[in-house]
Amino acid sequence: MPRVVTFHYTLLNPEGRVIDTSSGGEPINYLEGAGQIIDGLDQRLRAVAAGTRIRVAVPAAEAYGLPDPAQVQKVKRALLPVQGELRVGEQFQAGEDRFAPVVTVVAIDGDEVTLDANHPLAGMDLAFEVELVSAREATAEELSHGHPHDADGTGHCQ
C-alpha cells in the first residue's frame with residue numbers, strides 16, 4: 001500500500017557540494033509512486049522507516065535523466081522572451097506559460113543563441129541526505145486524487 005511520506009533532504013552533487021536543501025524550512029510531503037519526487041529517490045525511500053536518517057545515491061538515469069541532444073537548439077536572439085544582454089550560463093523560462101521549460105544559454109554566436117532545455121541536473125548522479133520525518137498509509141481519497149492531504153489524510157487537499 002502506498003504511503004504518504006514526509007522528509008527533510010540535502011541534495012549533493014557528485015563532488016559533495018550542496019545543491020539544495022529543505023533544512024530550515026518545511027519538509028517535503030509526497031505520495032509514493034505519484035511522480036511528485038524523482039523516481040530513483042521515491043524507490044529508495046519505500047522501505048525506510050520514520051525517524052531514519054539515510055544517505056541515498058540516485059544515478060542520473062533515475063534522477064533527471066540523461067541529457068537529450070534534441071533539447072539543445074539554436075534560436076534567433078530576436079525570438080527570445082528576454083530583454084537586455086544575455087550571457088552563457090544564464091537561465092530563463094522559454095515562454096510565458098508557467099509550464100514552459102527553463103532553458104540554459106550554452107552559446108551565443110552573433111544573432112543566434114544556443115539553448116539547452118535539458119533539466120540543469122540531467123546527466124548528474126545525485127546524493128541525498130534524508131531524514132524521514134513520518135510515513136503513514138495513504139488514504140483511499142489521497143490515492144484517487146494522486147497527492148497527499150493534511151497530516152492524517154483527511155481534510156482539504158494541499
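All values derive from a computational prediction rather than experimental measurement.
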| query | Should Val72 and Asn118 be marked as a side chain to side chain contact (heavy atoms under 4.5 Å, CB included) after you check the CA-CA gap, both sets of side-chain angles, and the distance that decides it? | reply | CA-CA 8 Å; Val72 179; Asn118 284 291; 4.1 Å; yes

| task | May I have the step-by-step check of side chain to side chain contact (heavy atoms under 4.5 Å, CB included) for Glu142 and His147, ending in yes or no? | result | CA-CA 5 Å; Glu142 288 170 319; His147 60 86; over 6 Å; no

| Heavy-atom count around Asp109 CG within 6.0 Å, excluding the residue itself: above 12? |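 12 or below, so no.
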
| Above 12 or not: heavy atoms from other molecules or residues under 6.0 Å from CZ of Arg77? |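 For Arg77, atom CZ is crowded (more than 12 foreign heavy atoms under 6.0 Å).
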
Provide the closest heavy-atom pair for [X] versus [Y] in the form atom of the first, atom of the second, distance.
{"X": "Arg3", "Y": "Ala135", "result": "NH1-CB, 3.4 Å"}
{"X": "Ile108", "Y": "Val88", "result": "CD1-N, 4.2 Å"}
{"X": "Val4", "Y": "Pro148", "result": "CG1-CB, 3.7 Å"}

| So do the side chains of His8 and Glu129 get within less than 4.5 Å of each other, counting heavy atoms only? |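 In short, these two side chains do not touch, never coming nearer than 4.5 Å.
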
| request: Output every pair passing side-chain hydrogen bond (donor to acceptor under 3.5 Å, both in side chains) with a member in residues 80-96, not counting sequence neighbours, ordered by first then second residue. | output: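 Listed once each, the pairs are Gln91-Thr104.
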
| said: Ring-plane angle category for Phe7 and Tyr30, please: parallel below 30°, perpendicular beyond 60°, tilted otherwise. | reply: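 Perpendicular.
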
| said: Please tell me whether Asp20 and Tyr9 have a donor and an acceptor in their side chains that are separated by less than 3.5 angstrom. | reply: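 Asp20 vs Tyr9: donor-acceptor pair found between side chains.
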
| Pair Ser144, Glu141: side-chain N/O donor-acceptor within cut-off below 3.5 Å |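 No, Glu141 and Ser144 have no side-chain donor paired with an acceptor closer than 3.5 Å.
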
| request: Hey, could you give me each pair passing salt bridge (charged side-chain N to carboxylate O under 4.0 Å, His left out) that has a residue in residues 21-31? Not counting sequence neighbours. | output: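 Sorted result for residues 21-31: empty, none.
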
| task | Answer yes if Tyr64 and Leu12 sit in the same cluster of Ile, Leu, Val, Met, Phe, Trp and Tyr residues linked by side chain heavy atoms under 4.5 Å apart, and no otherwise. | result |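 Looking at the clustering, Leu12 is in a separate group from Tyr64.
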
